[in-house]
J.: 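To start, I am sharing the structure in question, which I have written as structure tokens.
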Number of protein chains: 2
Amino acid sequence: MQTVEELTERFRAQGLRVTPQRQAVFAALHGNDGHPTVEAIHERVSSAMPTISLRTVYQTVHDLEALGEVRLLDVGLGSIRVDPNVEAEHHHLVCTACGRVRDVQFAADQVPPLPRSVRGEFHPTSVEVVFRGVCDTCLRP
Amino acid sequence: MQTVEELTERFRAQGLRVTPQRQAVFAALHGNDGHPTVEAIHERVSSAMPTISLRTVYQTVHDLEALGEVRLLDVGLGSIRVDPNVEAEHHHLVCTACGRVRDVQFAADQVPPLPRSVRGEFHPTSVEVVFRGVCDTCLRP
DNA sequence: CTTTGTGCAAAGCCTTTGCACTCGC
DNA sequence: GCGAGTGCAAAGGCTTTGCACAAAG
């Protein structure tokens, strides 16, 4: 994801306004390699800006998604995860014990292609590989 | 998924009771190669048994999952999909236009392995590959 | 000044749950 | 009969939305 300054410019260029609240959300996500829930972003930003509402975070996150600056993941844990890593194609490891989501890269030739059996019948725009299991931290307590 | 009779026996063997409602849910799923939502199963069963409640469908579906007779998928479309195909390992094509989910098989050597970079740090129990895109039916109207 | 963003609270959607009644076993 | 299953309706998460006020451009 881009820096706060870059995002400020992109938002303005799109006719979107930039507020301190939005910049606080930008800052909370920039350089973050986690996959926070909207709630988690809200909590984090709240410490510096106690009146920010969840609504503002949801809207900012959706605007960021529309600009392609984040991806919103639904890994089946109930809440949406915000993934600020959009530069590199990657996939995910989901720990079913702690709910943490971790990125994992695939070598280009390891990304599964659409099987021949359905080529021509389905026109994919993206592939997502999700490994579910237990992370090391949860395995040895 | 197994037949209504087989499921009846398995349920009884587990100390679970078998009611006409549950058998109606079994029947709605057996031999179904779709991925209905709980709501869709409920509607379908309702035509023959108008008083069946959503609660009963949810509970039956969860019991089926506990016995490994169905898989519950969350493909990020809001509702859970019930996948009666548990015999063959397979993956999914999700049409972002109509919401339909279709099975797709991978050759054994095409299923992506956990990348070397994280081996030893994560202990997967399952891999899920989801292709998102548009199905043929939606492409040409 | 116009228009978008914000905060609050209420509503929506899907799923789960409490309770009393029913009915499998 | 005992206890799990059922139906109804209410409650629970998470996300979205209506409204009036605030503030960016």
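Lettering follows sequence order; numbering is per chain, from 1.
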J.: Can you tell me the distance, in whole Å, between the CZ atom of A:Arg22 and the C1' atom of C:dT4?
T.: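 Computing the A:Arg22:CZ to C:dT4:C1' distance gives 8 Å.
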J.: What contact category does B:His42 fall into here, base, sugar-phosphate, or nothing, at under 4.0 angstrom with non-hydrogen atoms?
T.: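 Since no nucleic acid heavy atom lies under 4.0 Å of B:His42, the category is nothing.
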J.: Find the distance between CZ (B:Arg100) and CG (B:Leu93) and round it off to the nearest 0.5 Å.
T.: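 Nearest 0.5 Å value for the CZ-CG distance: 12.5 Å.
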J.: Side chains of B:Gln21 and B:Thr60 only: does a donor on one sit below 3.5 Å from an acceptor on the other?
T.: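 No - no donor-acceptor pair under 3.5 Å links their side chains.
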J.: Quick one: label B:Gln59 by what it contacts on the DNA or RNA (base, sugar-phosphate, nothing), any heavy atom closer than 4.0 Å.
T.: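 The answer is base, as B:Gln59 lies within the cut-off (heavy atoms under 4.0 Å) of a base atom.
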J.: At 4.0 Å (heavy atoms only), tell me whether A:Thr37 reaches a base, stays on the sugar-phosphate, or touches nothing.
T.: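 It contacts nothing in the nucleic acid.
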J.: From CD of A:Gln23 over to P of C:dG5, roughly how many Å is that when rounded to an integer?
T.: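 Taking atom P of C:dG5 as the reference, CD of A:Gln23 is at 13 Å.
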J.: Between D:dG7, C:dG24, D:dC14, which nucleotide gets closest to the side-chain atoms of A:Ser79?
T.: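 Looking only at heavy atoms from C-beta outward on A:Ser79, the closest nucleotide is D:dC14.
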J.: If you check the B:Arg17 side chain, which of D:dT6, D:dT15, D:dG3 turns out closest?
T.: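 For the B:Arg17 side chain, the nearest candidate turns out to be D:dG3.
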J.: Please work out whether the ring planes of A:His91 and A:Phe106 are parallel, tilted or perpendicular, with thresholds of 30° and 60°.
T.: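 Ring orientation, 0 to 90° scale: perpendicular.
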J.: Let me know the distance between CD1 of B:Ile52 and P of C:dT22, rounded to the nearest Å.
T.: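 Whole-Å distance recorded here is 18 Å.
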J.: Quick one: CD on B:Glu6 to CD on B:Glu69, what's the gap to the nearest 0.5 Å?
T.: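 Between atom CD of B:Glu6 and atom CD of B:Glu69 there are 8.0 Å.
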J.: If you find the nucleotide of DNA chain D closest to B:Phe11 and the one closest to B:Pro50, which residue's nucleotide is nearer the 5' end?
T.: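 Final value for this comparison: B:Phe11.
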J.: Please determine whether a side-chain nitrogen or oxygen atom of B:Tyr58 lies at a distance below 4.0 Å from atom OP1 or OP2 of C:dT16.
T.: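 The answer is no; no side-chain N or O of B:Tyr58 sits under 4.0 Å from OP1 or OP2.
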J.: Given side chain to side chain contact (heavy atoms under 4.5 Å, CB included), test A:Val75 with A:His35 step by step and report yes or no.
T.: CA-CA 11 Å; A:Val75 290; A:His35 302 73; over 6 Å; no
J.: Once you round it to whole Å, what is the distance between P of C:dC14 and CG of B:Leu54?
T.: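 Taking CG of B:Leu54 and P of C:dC14, I get 10 Å after rounding.
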J.: Starting at CZ of B:Arg12 and ending at P of C:dC25, how long is that distance when rounded to a whole Å?
T.: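 For the pair B:Arg12 CZ and C:dC25 P, the rounded distance is 4 Å.
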J.: Starting at atom CD of A:Gln21, determine the distance to atom P of D:dA24, rounded to an integer number of angstrom.
T.: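 These atoms are roughly 9 Å apart.
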J.: Please confirm whether the shortest side-chain N or O distance from A:Thr56 to OP1 or OP2 of C:dG7 is below 4.0 Å.
T.: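 Result: yes.
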J.: Check the phosphate of C:dT6 against A:Thr51, side-chain N and O only, distance under 4.0 Å to OP1 or OP2. Yes or no?
T.: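 Result: no.
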J.: Check this one for me: any side-chain N or O of B:His62 less than 4.0 Å away from OP1 or OP2 of C:dT15?
T.: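 For B:His62, the contact criterion (side-chain N or O under 4.0 Å from OP1 or OP2 of C:dT15) is not met.
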J.: In whole Å, I'd like the distance from the CG atom of B:Leu7 to the P atom of D:dG5.
T.: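 From B:Leu7 CG to D:dG5 P: 15 Å.
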J.: Atom CG of B:Leu77 to atom C1' of D:dT15: distance rounded to whole Å?
T.: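 Interatomic distance, CG of B:Leu77 to C1' of D:dT15: 15 Å.
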